[in-house]
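Heads up: the structure comes next, in structure tokens.
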Amino acid sequence: MSFSVPELEDAEVIFDIGYNAPVSHPLVARHIVRAKKKGCKIICVDPRLTETGRIATIYLPIKGGTNMLFLNAMAHVIVTEDLVDHDFIEKHTTGFADYAKEVAQEKYAPEAVAAATHLDPGDIRRAARLFASSKHTMTLWGMGITQFSQGVECVIACSNLSLMTGNYGHYATGVGPVRGQNNVQGTCDMGVLPNQYPGYQDVTDDAIRHKFERAWGVSLPAHVGLPLTYVPDKVLREPDPKKRIHAYYIIGEDPAQSDPDLPEIRRTLSAIDLVIVQDIFFNKTCEYADVVFPATAWGEHNGVYTACDRRFQRVRKLIEPQPGCKTDWEILCLMATAMGYPMHYDNTEQIWDEMRSLCPKFAGASYEKMVENHGVQWPCTEDSPDDTGTQYLHKDAQFATADGKGHFYYYPWTPAKELESPEYPLSLSTVREVGHYSVRTMTGNCRLLADLADEPGYIQMNPEDCQELGIANGDLVRVVSKRGHTITRCQETDRVSKGATYMTYQWWIGACNELTSAALDPKSHTPEFKYCACRVEKIDDQKQAERDVKAQYAAIRARMGIEVKEV
Ligand SMILES: Nc1nc2c(c(=O)[nH]1)N[C@H]1C(S)=C(S)[C@@H](COP(=O)(O)OP(=O)(O)OC[C@H]3O[C@@H](n4cnc5c(=O)[nH]c(N)nc54)[C@H](O)[C@@H]3O)O[C@H]1N2
Ligand SMILES: Nc1nc2c(c(=O)[nH]1)N[C@H]1C(S)=C(S)[C@@H](COP(=O)(O)OP(=O)(O)OC[C@H]3O[C@@H](n4cnc5c(=O)[nH]c(N)nc54)[C@H](O)[C@@H]3O)O[C@H]1N2
Ligand SMILES: [Mo]
């Protein structure tokens with residue numbers, strides 16, 4: 001994120017696209033509400049009417065999968081109505097003239113994209129004018145733009161809008177990809193990426209690689225590793241046995257629930273020789289594990305988490321772990337040692353200080369500074385007390401590119417890879433709900449949260465679709481795609497448009513990843529979780545279906561070792 005979350009309160013315009021803060025990040029949502037109370041205008045682009053959409057100045061109920069068409073139309077209006085910041089563009093960017101020529105084409109006029117995007121051309125024009133009207137326009141995006149086969153290009157298109165309107169490089173402006181989990185930013189900071197070491201340093205850069213080799217006393221490969229989403233390929237379809245994956249060490253991830261196309265994931269996990277799962281609960285992937293390492297949870301260990309706005313924060317142990325559980329870093333040390341590389345640290349601060357010595361961006365972010373300043377935002381390059389970190393990036397519009405400038409790139413729209421068809425006439429998008437968390441190991445066993453929503457989850461459907469299929473609110477239904485099928489409950493709501501359906505990916509029985517497609521973005525390798533085609537089938541014998549769901553739920557919980565206390 002280029003800005004800090006609290007800066008949102010001083011935004012004059014918030015451009016919220018494909019991001020549902022009230023459900024996904026209630027603390028961020030609070031800042032959006034405060035901004036609104038201070039007079040901020042909100043543009044919300046989401047095919048479902050979210051709570052942000054409800055309080056928006058302009059709500060744009062976009063047809064799923066047409067983000068790029070819409071973003072190019074926004075750029076079209078800003079360019080053709082000459083709402084751009086000429087001075088900023090000239091001083092701080094390159095490539096604008098070529099980009100402007102492309103988006104100025106008539107095919108991107110709001111009137112021309114109306115049919116495909118399902119948006120009112122007047123609303124697009126109003127939104128573009130509002131976006132360009134302020135130097136405190138702040139953009140927030142989420143999975144609604146990134147979980148597409150054209151995710152990265154849409155992120156660049158959002159950045160273009162900020163560049164052309166001078167919305168970079170000062171307080172309360174810029175772009176905010178709001179990261180998912182409490183520490184997903186931290187895992188990337190620490191190099192849990194196929195192409196980079198800690199501190200965003202490329203594995204293909206010889207000087208960098210040699211630095212890590214010297215520090216660790218090992219030789220390291222010069223090639224980029226494999227992204228998570230290529231594991232099925234490298235297990236099921238790799239002809240060269242030497243290149244096939246034989247062992248899979250999974251730490252804090254539940255691919256058997258959260259990866260797309262679960263029938264294929266099950267084949268993959270069954271075909272691998274060795275599966276190790278390191279987790280705080282018995283998750284669905286554990287059913288395929290040869291070894292399970294029980295790890296400690298957040299209240300049971302010390303460490304550092306990075307928030308979405310680059311803020312390192314100390315976390316402290318509150319309680320002693322259960323006997324037999326170890327911290328993730330201790331387990332890794334034991335594994336490394338057992339494999340012939342003696343690895344030892346006395347505590348997390350030692351690990352942190354080694355990391356700082358190897359990562360220029362983080363070099364000044366000591367434990368001490370984190371405590372004194374309630375966290376430190378990177379980059380923090382100097383050890384001296386004066387360097388307290390970086391609140392917002394690209395100060396004075398100096399960008400982290402070779403020439404220090406922001407670059408414009410144009411991309412045409414590419415539709416989602418699987419569209420509605422006579423056999424699968426509905427679109428399916430998969431999203432989040434407020435009461436449950438990702439693979440539900442952490443929320444599924446809590447009675448209070450189960451009261452909010454429980455198995456087999458639900459599918460949001462427009463009332464007209466329900467009527468056509470003869471399905472009532474609350475009915476169990478079967479949902480089918482090219483990959484598989486699942487059972488869930490119909491939730492009738494006019495917040496979604498006709499022809500579009502939504503499921504959350506938290507459910508073990510109503511598992512939407514039985515249906516989703518593994519089409520990937522070629523740059524980020526992120527699956528197209530936000531679009532595939534499905535059909536919904538009515539179930540005639542509801543009583544039997546209810547009994548089946550209950551039995552399946554009991555069986556899954558028994559396999560997971562979950563004791564259910566009836567109250
Ligand atoms: N309660 C709860 N909170 C969570 C999580 C959880 O599981 N439960 N998970 C965490 C994680 S890992 C993450 S990554 C974040 C994600 O947080 P978000 O990005 O907010 O998550 P989603 O609900 O997946 O998607 C956001 C919105 O995209 C919209 N959308 C779908 N298709 C399109 C489209 O074609 N165009 C546009 N513009 N929008 C579209 C959906 O309707 C949805 O409202 O949430 C985190 N917070
Ligand atoms: N259909 C569909 N699928 C999706 C998405 C979607 O929008 N739609 N979103 C995708 C996204 S953005 C994400 S991030 C993934 C999330 O999917 P996952 O990463 O698989 O799910 P999480 O629930 O975040 O946690 C994974 C595991 O980590 C364990 N865990 C928690 N804390 C610790 C710890 O301290 N140590 C260890 N070792 N384990 C721990 C939990 O018990 C859990 O089993 O799902 C993806 N899958
Ligand atoms: Mo995520």
Side-chain angles (χ1 to χ4, degrees), residues 1-5 179 181-221 225 251-252 295-296 298 300-317 326-337 341-395 398 400:
M1 256 166 94
S2 78
F3 52 78
S4 301
V5 170
R179 304 301 302 255
Q181 289 113 329
N182 56 344
N183 200 31
V184 65
Q185 183 70 51
T187 53
C188 295
D189 292 353
M190 293 307 116
V192 187
L193 292 166
N195 60 335
Q196 287 176 320
Y197 291 118
Y200 302 96
Q201 304 179 80
D202 290 337
V203 299
T204 48
D205 182 320
D206 290 341
I208 284 167
R209 200 172 58 258
H210 294 149
K211 176 172 75 173
F212 282 94
E213 287 180 335
R214 277 194 303 277
W216 295 337
V218 291
S219 75
L220 295 164
I251 308 178
T296 55
W298 60 269
E300 301 171 323
H301 53 230
N302 293 312
V304 177
Y305 289 175
T306 325
C308 57
D309 55 2
R310 297 166 282 103
R311 188 186 303 270
F312 295 134
Q313 302 177 100
R314 284 285 321 271
V315 290
R316 288 180 189 74
K317 180 169 155 173
K326 288 192 163 30
T327 64
D328 283 307
W329 67 267
E330 284 173 309
I331 299 171
L332 288 170
C333 286
L334 289 169
M335 268 296 280
T337 307
Y341 178 85
M343 187 189 276
H344 176 85
Y345 298 94
D346 293 322
N347 52 51
T348 56
E349 191 169 10
Q350 271 183 9
I351 304 173
W352 187 255
D353 287 342
E354 177 192 305
M355 187 282 300
R356 285 202 295 139
S357 74
L358 291 164
C359 301
K361 277 193 177 74
F362 310 151
S366 63
Y367 266 30
E368 206 180 349
K369 249 188 230 178
M370 276 182 236
V371 173
E372 273 166 15
N373 301 292
H374 304 286
V376 174
Q377 284 173 284
W378 63 257
C380 177
T381 55
E382 303 301 326
D383 228 352
S384 79
D386 303 341
D387 186 356
T388 53
T390 309
Q391 187 184 331
Y392 55 85
L393 298 178
H394 322 307
K395 191 167 187 329
Q398 285 303 304

With the side chain counted from C-beta on, respond yes when I251 and L332 share a heavy-atom pair under 4.5 Å apart, and no when they do not.
yes
Among side-chain atoms of W378 and Q185, is any donor-acceptor pair under 3.5 angstrom?
no
Interatomic distance, E372 atom CD to S366 atom OG [nearest 0.5 angstrom]:
7.5 Å
Taken in chain and number order and not counting sequence neighbours, the residues that satisfy salt bridge (charged side-chain N to carboxylate O under 4.0 Å, His left out) with D206 are R209
Ignoring hydrogens and geometry, is there a side-chain-to-backbone donor-acceptor pair from K369 to S384 under 3.5 Å?
yes
Measuring from M1:CE to C308:SG, what's the distance to the nearest 0.5 Å?
4.5 Å
Is there a side-chain contact between C188 and Q196 in this structure, where contact means two heavy atoms from C-beta onward sitting under 4.5 Å apart?
no
Does Y197 reach the side chain of L220, with side-chain heavy atoms less than 4.5 Å apart?
yes
Sub-4.5 Å side-chain heavy-atom contact between N183 and W298
no
Would you say the side chains of T327 and E330 form a donor-acceptor pair under 3.5 Å?
yes
Who are the side chain to side chain contact (heavy atoms under 4.5 Å, CB included) partners of T390, not counting sequence neighbours?
R310, P379, L393
Using the benzene-type ring in the case of Trp, are the ring centres of F3 and Y392 under 6.0 Å apart?
no
Qualifying salt bridge (Lys or Arg N to Asp or Glu O under 4.0 Å) pairs with a residue from residues 374-387, counting only residues at least two apart or across chains:
R356-D383
Are the side chains of V371 and R314 in contact, using a 4.5 Å heavy-atom criterion?
yes
Evaluate the side-chain proximity of F362 to W352: yes if any heavy-atom separation is below 4.5 Å, no if none is.
no
Check the side chains of N373 and T388 for a donor-acceptor pair under 3.5 angstrom, ignoring hydrogens and angles.
no
For D205, which residues count as a side chain to side chain contact (heavy atoms under 4.5 Å, CB included) partner, sequence neighbours excluded?
D202, A207, I208
Tell me every residue that passes side chain to side chain contact (heavy atoms under 4.5 Å, CB included) with C333, counting only those two or more places apart in sequence or in another chain.
W329, M343, Y345
Given F312 and Y305, is the ring-ring contact (aromatic ring centres under 6.0 Å, His included) satisfied, shown in steps?
CA-CA 6 Å; F312 295 134; Y305 289 175; over 10 Å; no
Does any N or O in the side chain of Q350 come within less than 3.5 Å of the main-chain N or O of D346, such that one atom is a donor and the other an acceptor?
yes
With a 4.5 Å limit on heavy-atom distance, are the side chains of L334 and K326 in contact?
yes
Residue list, salt bridge (charged side-chain N to carboxylate O under 4.0 Å, His left out) with K211, at least two apart or on another chain:
none
Could you check whether S4 and Q377, counting side-chain N and O atoms only, form a donor-acceptor pair closer than 3.5 Å?
yes
If you round to the nearest 0.5 Å, how far is NZ of K317 from CG of N302?
7.0 Å
